[in-house]
Amino acid sequence: MKDMKNNIKVSNALNIQAISTNTTTAGAIIDTKGFGVLTFVFQTGTITDGDYTLLIHEGNNSGLSDAAAVADADLLGTEALASFAADTDDNKVSKIGYRGNKRYVRLSVVSTNVTTGGTVGATAIQGNPQFAPVA
């Protein structure tokens, strides 16, 4: 068995939270410097209603003032397939990979058709570090 623990960085991409309105909830900006791969893992708790669609933005500015939607060709999987809806996706996990070349990346959740909402969160996993072990 090989060592993965010392070759990945795990970060909070979106705080676990209840979303109870139609809104866009922006996650943390992930700095990809020093890593060759990035995967977002999106998880839900109970979803009473609504649809939760992932959007991924990229840019070279640390504040993402130059943010642009990531092209489909730079994603591994699709935002639509990684998204969730009420009644069918309680306590589920999905993932989507980023293979673009921008330094900063952020995941956001667009919630629609929400009256009571659901609980969601996301984790960023970065791998293929330039220097290992990763702290």
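Since this is a predicted model, take the numbers as computed values, not measurements.
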Thr44 side-chain N/O to Asp89 backbone N/O, donor-acceptor pair under 3.5 Å
yes
If you compare all heavy atoms of Asn6 against all heavy atoms of Ala132, which two are closest, and at what distance to 0.1 Å?
O-CB, 4.0 Å
Ignoring hydrogens, what is the shortest heavy-atom contact between Leu54 and Ile96? Give both atom names and the distance.
CD1-CG2, 4.5 Å
Taking the side chain as every heavy atom from C-beta outward, state whether Arg99 and Val37 have any pair of such atoms under 4.5 Å apart.
no
Asn60 side chain to Lys102 backbone, donor-acceptor under 3.5 Å:
no
Considering all heavy atoms of both residues, which atom of Val70 and which atom of His57 are nearest to each other, and what is their separation?
CG2-C, 3.9 Å
Can Leu14 be reached from Val10 by stepping across I, L, V, M, F, W or Y side chains whose heavy atoms are under 4.5 Å apart?
no
Just so I know, are the side chains of Thr21 and Val114 near enough to count as touching, which here means a heavy-atom distance under 4.5 Å?
no
Any non-hydrogen side-chain atom of Tyr52 less than 4.5 Å from a side-chain atom of Ser83?
no
To the closest 0.5 Å, what do you measure between CG (Leu107) and CG (Leu55)?
8.0 Å
Distance-only, no hydrogens or angles: does the Asp31 side chain make a donor-acceptor pair with backbone N or O of Lys33 under 3.5 Å?
yes
Kindly give the heavy-atom pair with the smallest separation between Ala69 and Glu58, and that separation in Å.
O-OE2, 4.4 Å
Quick one: closest heavy-atom pair of Ala82 and Phe42, and the distance?
O-CD2, 3.6 Å
Side-chain donor/acceptor of Thr48 to backbone N/O of Gly118, under 3.5 Å:
no
Path from Ile125 to Met4 over hydrophobic side-chain contacts below 4.5 Å
yes
Side chains of Thr119 and Ile16, heavy atoms from C-beta outward: is any pair under 4.5 Å?
yes
Using 0.5 Å steps for rounding, measure from the OG1 atom of Thr112 to the CG atom of Asn22.
6.5 Å
Nearest 0.5 Å, what's the CZ-CD1 distance between Arg106 and Ile56?
12.0 Å
Are Pro129 and Lys9 side-chain neighbours, meaning at least one heavy-atom pair lies under 4.5 Å?
no
If you apply the rule side chain to side chain donor-acceptor pair (under 3.5 Å), what do you find for Asp66 with Asn61, and how did you get there?
CA-CA 6 Å; Asp66 61 339; Asn61 179 292; 5.3 Å; no
Heavy-atom distance under 4.5 Å between the side chains of Gln43 and Thr123, does that happen here?
yes
State whether the side chain of Asp49 and the backbone N or O of Ala86 hold a donor-acceptor pair below 3.5 Å, judged by distance alone.
no
Considering only heavy atoms from C-beta outward, does the side chain of Thr78 approach that of Asp72 to under 4.5 Å?
no
Identify the heavy atoms of Asn12 and Ala122 that sit nearest to each other, and give their distance.
OD1-O, 3.4 Å
Taking the side chain as everything from C-beta on, heavy atoms only, tell me whether Ile29 gets closer than 4.5 Å to Val105.
no
To the nearest 0.5 Å, atom CZ of Phe40 lies from atom CG of Leu76 at 12.0 Å
Is Phe131 reachable from Phe35 through a run of I, L, V, M, F, W or Y residues, each pair having side-chain heavy atoms under 4.5 Å apart?
no
Measure the spacing between CG of Leu75 and CG of Leu81 and express it to the nearest 0.5 Å.
11.0 Å
So, the side chain of Asp51 versus the backbone of Ala85: is there a donor-acceptor pair under 3.5 Å, distance only?
no
Quick one: pull up OH in Tyr104 and OG1 in Thr32 and give me the separation to the nearest 0.5 Å.
8.5 Å
Within the distance-only criterion (no hydrogens, no angle test), does the side chain of Thr24 pair as donor or acceptor with the backbone N or O of Val110 below 3.5 angstrom?
no
